[in-house]
Amino acid sequence: MTGASLWVVDRGSHLLATLNRPEKRNAIDRDLIDSLHLLCARLEVERRTLVLTGSGGDFAAGADIAQLRERGATEALAGINTRAFQRVRALPMPVIAVLDGYALGGGAELAYAADIRIATPTLRIGNPETGLGIIAAAGATWRLQEIVGDALAAEMLLTGRLLGADEALAAGLVTAVLEPEAALAKAVELAERIAGLDPAATQATKRALQAPASAHPEIDLAEQAVLFESPEKHRRMTAFLERRSRAAADTDAGRGDRPAASSAPADAEHGDAAAVREPRREETP
Ligand code: COA
């Protein structure tokens, strides 16, 4: 447990963190922000995937308006929510958000900080900040347009219109819409899949994905240069090639009880050389 309003459970392949202020629809207050910082500090060291969700049928109905009302210019410039969400976004390993019910204002911005978002059918997501006399300053004005494009981001931010789950799916804001239990199960399945891949390659991919356009392709080449020298890359590729050789030898000897591996890239689903096999297409997220 990280704090009263943020429950954290170690699930082996990932940490499951649940925003837990259901009586306030998980509105994000200072205590929750402090807990998020603690969680990030842990994940920056442990380098594990984070599955982030909310309790009570909502993700988060925004920053806590009672606290926001009392904040002045100094607090605005401190970026209390902004810095925490930036830190979530910069976590070394992927962040998967399961979005149930309301994901509004700061709650939506926390969701935009995730790498992968999965919705439930009750999702209502968007940024009603201008109706409260403020801007969405914790990521929406730059991150939302990266995800859904300029036109829809502008409409959402300038009108405060909320999207339902189907529209969020069509806009690419979420990648699946599933009933709550299935949505969490899907997030866990993705986290387990990621746990079987090379963590260094996953972290390099995340850094490249987050780099500005001007950084490509140099950042990709620099990341690849490090990975090309890694023993883990050698081990994984050798496992793939040796498996192909064994399968070919078995086939030649008429002993093959399994089809030879194709030239498709390996799917090291369990992070184990012995488990390297052809990709199961239906598993691709
Ligand atoms: N900050 C603080 N408290 C919030 C909150 C927020 N962002 N969102 C909901 N709550 C609180 C409500 O004040 C209420 O608390 P109370 O029972 O002590 O009065 C409780 O959560 C339940 O919300 P309620 O408004 O009664 O539920 P509802 O089903 O009628 O409406 C919402 C749900 C989400 C539509 C409504 O709560 C709402 O508009 N919230 C604010 C959304 C927003 O503007 N977010 C952006 C902030 S940056």
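Start at 1 and go down the list; that is how both ligands and their atoms are numbered. No hydrogens, no waters, no symmetry mates; every other heavy atom, side chains included, goes into these values.
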Is [atom] close to the protein, meaning a heavy atom under 4.0 Å from it?
atom	value
atom 30 (O) of ligand 1	no
atom 33 (C) of ligand 1	yes
atom 41 (C) of ligand 1	yes
atom 25 (O) of ligand 1	no
atom 16 (P) of ligand 1	yes

Check your understanding: Is any side-chain N of the basic residue among Asp250 and Arg246 closer than 4.0 Å to the acidic one's carboxylate O?
Key -> no
Practice item. Output yes when the distance from some N or O of ligand 1 to some N or O of Gly62 is under 3.5 Å, and no in every other case. Key: no
**Study point:** Contact check: Leu132 vs ligand 1, nitrogen or oxygen atoms, below 3.5 angstrom
**Key:** no
Check your understanding: Does Arg87 have any side chain to side chain donor-acceptor pair (under 3.5 Å) partners at least two apart in sequence or in another chain, and if so, which?
Key -> His37, Glu44
Check your understanding: Are the side chain of Asp64 and the backbone N or O of Ala27 linked by a donor-acceptor pair below 3.5 Å?
Key -> no
Practice item. Examine distances only and state if a side-chain atom of Asn127 and a backbone atom of Leu157 form a donor-acceptor pair shorter than 3.5 Å. Key: no
Study note, to complete from the structure: Note: Ala17 and Val8 closest approach over all heavy atoms is CB-CG2, 4.1 Å
Exercise for review: Could you point out which residue of Asn26, Asp58, Thr53 forms a side-chain contact (heavy atoms from CB on, under 4.5 Å) with Leu19?
Suggested key: Asn26
Point to revise | CD/Glu218: more than 12 non-hydrogen atoms of other groups inside 6.0 Å | key: yes
Protein contact to [atom] [nearest heavy atom, distance to 0.1 Å]:
atom	value
atom 23 (O) of ligand 1	Arg25 NE, 3.6 Å
atom 8 (N) of ligand 1	Ala61 CB, 3.6 Å
atom 5 (C) of ligand 1	Ala27 CB, 3.9 Å
atom 2 (C) of ligand 1	Ile65 N, 3.4 Å
atom 48 (S) of ligand 1	Ala63 N, 3.8 Å

Check your understanding: Which is closest to atom 9 (C) of ligand 1 by heavy-atom distance: Arg21, Lys24, Glu23?
Key -> Lys24
Exercise for review: Using a 4.5 Å cut-off on heavy atoms from C-beta on, say whether the side chain of Ile80 contacts that of Glu75.
Suggested key: yes
Exercise for review: Just jot down the ligand 1 atoms closer than 4.0 angstrom to any heavy atom of Leu104, in number order.
Suggested key: 34 (C), 42 (C)
Review point. Hey, are Arg83 and Gln86 close enough side-chain-wise for a donor-acceptor pair under 3.5 Å?
Key: yes
